[in-house]
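Notes for the one structure printed next.
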Amino acid sequence: MFYVFHVDVNSAYLSWEAVYRLQQGDSIDLRTIPAVVGGSEADRHGIVLAKSIPAKKFGIHTGETLYGARQKCPGLVVVPPRYGLYMQCSEAMVAIMNQYAPLIQRYSIDEAFLHYQLPPSMIQGQGAEAAAVAAALRLKAQIRQELGFTVNVGIGPNKLLAKMASEFQKPDQVHTLFRHEVPEKMWPLPVQELFFVGRATARKLRGYNIFTIGQLAAADPQLIHCWLKKPGLLIWQYANGLDDSRVTDEPMPIKSIGNSSTLPFDVTDRATAHQILLALCETTAMRLRKIRRCAQVVSVTLRSSELITYRHQCRLASPTDVTSLIWQESCRLFDNVWKKEPLRHMGVHLSDLCSNEYYQLSLFHQHLEKHHQLDRTIDALRLRFGTRAVFRGCFSHSSIQPLMGGVLQDQEVDYPMMASYL
DNA sequence: TCTGGGGTCCTAGGACCC
DNA sequence: TCTGGGGTCCTAGGACCC
């Protein structure tokens, strides 16, 4: 007998930022005022990454522009993100969760599932439910006391219902969604609140007169399948509370890897574009080598200043993890597809990954071997002396960063462990 | 200086082969 | 050449999640 807990940090980035600032002696708790964590507007990354509850009351949404958010709330406090800090907060939370169960599945930086096993003496029923709630309340209180931030814990018979439960009322709440509670607690909700029903699917469903999760649950699955194809069957099952996926701590195998960046200025010439591709290839290929994979497909994504996004991909003759080969291919793709319009955003993605073992053994070609050794040497130097220790000469008199993409480049600052709070 | 960055999965349609 | 049908591979695009 077990239950699944879903632990969700309330306004994660903003709460973590608030706690850190209080620790540093700041007198204002960001959670109690209209405040958001947002990217740099000067670098054109100016969107809301997380918002406080008072900010939410002004109608501010995650993902909207800081400009838009300020229109809604002129006195809004905006603070920049510190991803390294957030990683540490996340680690500290998972460490506490581990005191309650050996099996934890990290779902994202601020969400995790916990497989809560009841003692064998407990059989299904009120006693078991009450025991699970009591444990969740203790977990929530311990996180709050030791780390200073609040979480919602959802309890259910499976991951889907646990996750739906954690979304109910916020912050600092434990909610249950046991099977017998589904008709009362989940079915009346608007269909777009169901996991995996996004804007597009909700719009289609409304076109078929399905407005609530209960209406979706009661619909004919064959019809839903016909309308929405395979994802339709999935959301029909979700609407009925059905989900047989297990909590697992085995990491998902990585299928693709990529980096992209909204550029500080519009790019209008080929040479600059190629240099940016190199900066993106450096980061992406380095990550590829780190996980010991080679890529067979290279893809270049472009977004124009008009926000039109398109991409172009191709399959390589043989898999590679060599930065310069990936860059060469990226430039070729770029030249074939760029329409010469100003570019706001560029990206490089690698997919169809395979092991690099065979590749390493078959380095017969001298020039490949040299590239390979160069990449390895640079990787080792960057690991030891930091990502800025060594970079290509073409960047030395350029305003373009030699490595682009990735969010954890500012991890040189070490933050104190959150567990030192209180 | 109004629109981020990291992923996964699915489907449509064309090319190509038998 | 007024050409059937099945299967595979590939690319582009769109949906969803955080």
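Residue numbers begin at 1 in each chain, while the letters A, B, ... track the order of the sequences.
We find that CZ of R344(A) is positioned 9 Å from P of dG5(B), with the value rounded to whole Å. In this structure, D43(A) places its CG atom 14 Å from P of dC2(B), rounding to the nearest Å. Atom C1' of nucleotide dA12(B) and atom CG of L228(A) are separated by 16 Å, given to the nearest angstrom. Between N259(A) atom CG and dG6(B) atom P there is a gap of 5 Å when expressed in whole angstrom units. Straight-line distance from the CG atom of D352(A) to the C1' atom of dC10(C): 11 Å, rounded to whole Å. One atom, CG of L49(A), and another, C1' of dT3(B), lie 13 Å apart when rounded to the nearest Å. One interatomic measurement links the two molecules: CG of L316(A) to P of dC9(C), which rounds to 17 Å at whole-angstrom precision. Taking atom NZ on K255(A) and atom C1' on dC17(C), their separation rounds to 14 Å, with Å as the unit.
Ring-plane geometry between Y86(A) and Y83(A) is classed as perpendicular, the angle between the planes exceeding 60 degrees on a 0 to 90 degree scale with a lower cut at 30.
Among the protein residues, S261(A) comes within range of the sugar-phosphate backbone only, with heavy atoms under 4.0 Å from sugar or phosphate atoms but none that close to a base. Residue T201(A) is classed as a sugar-phosphate contact, given heavy-atom separations below 4.0 Å to backbone atoms only. Among the heavy atoms of the strands, none lies under 4.0 Å from V297(A). Residue L66(A) is out of contact with every strand shown, counting any heavy-atom pair closer than 4.0 Å. In this structure, E111(A) reaches the sugar-phosphate backbone alone: every heavy-atom distance under 4.0 Å involves primed, P, OP1 or OP2 atoms, never a base. In this structure, G68(A) reaches neither bases nor backbone, as no heavy-atom distance under 4.0 Å exists between it and the strands shown. Using a 4.0 Å heavy-atom distance criterion, G258(A) is classed as a sugar-phosphate-only contact.
The side chain of S260(A) lies closest to dG6(B) when the candidates are dT11(B), dG6(B), dA12(C). Listed nucleotides dC16(C), dT11(B), dC18(C) differ in distance to A200(A); the shortest reach to its side chain belongs to dC16(C). Closest to the I47(A) side chain, of the nucleotides dC10(B), dG4(B), dA12(C), is dG4(B). Of the candidates dC10(B), dG5(B), dT11(C), dT11(C) carries the atom nearest the Q313(A) side chain, counting heavy atoms from C-beta on. Between dC2(B), dC9(B), dC17(C), one nucleotide has an atom nearer to the side chain of K163(A) than all others, and that is dC17(C). Residue D110(A) places its side chain closer to dC18(C) than to any other of dG4(B), dC18(C), dA12(C). Listed candidates were dT11(B), dT11(C), dG4(B). Nearest to the side chain of R315(A) is dT11(C). Each of dC2(B), dG5(B), dC18(C) was ranked by its minimum atom distance to the side chain of Y107(A); first place goes to dC18(C). With dG13(C), dG4(B), dC18(C) as the choices, the nucleotide that has an atom nearest any side-chain atom of S108(A) turns out to be dC18(C). Which of dA12(C), dG5(B), dT8(B) sits closest to the side chain of H45(A) comes down to dG5(B).
For the pair D321(A) and R376(A), the salt-bridge criterion is met [side-chain N within less than 4.0 Å of a carboxylate O].
Under the Watson-Crick or G-U wobble criterion, with both distances below 3.5 Å, dC18(C) is paired with dG5(B).
When the P atom is compared between dG6(B) and dC2(B), the two are found 23 Å apart, to the nearest whole Å. Nucleotides dC17(C) and dT3(B) place their P atoms 24 Å apart, quoted to the nearest Å.
Heavy atoms of other residues, nucleotides or ligands lying less than 6.0 angstrom from CD1 of I291(A) number more than 12.
In this structure, P231(A) and G46(A) both approach DNA chain B, and ranking their closest nucleotides by distance from the 5' end singles out G46(A). Looking at which nucleotide of DNA chain B each of A42(A) and M252(A) is closest to, the 5′-most match is held by A42(A).
Among the candidates R303(A), H345(A), R344(A), the single residue satisfying the side-chain hydrogen bond (donor to acceptor under 3.5 Å, both in side chains) test with T309(A) is R303(A). The side-chain hydrogen bond (donor to acceptor under 3.5 Å, both in side chains) test with Q105(A) singles out one residue from K159(A), R246(A), E250(A), and that residue is K159(A).
A distance of 13.0 Å separates NE2 of H6(A) from CG of L177(A), quoted to the nearest 0.5 Å.
On a pure distance criterion of 3.5 Å, no polar donor-acceptor pair joins the side chain of R44(A) and the base of dG4(B).
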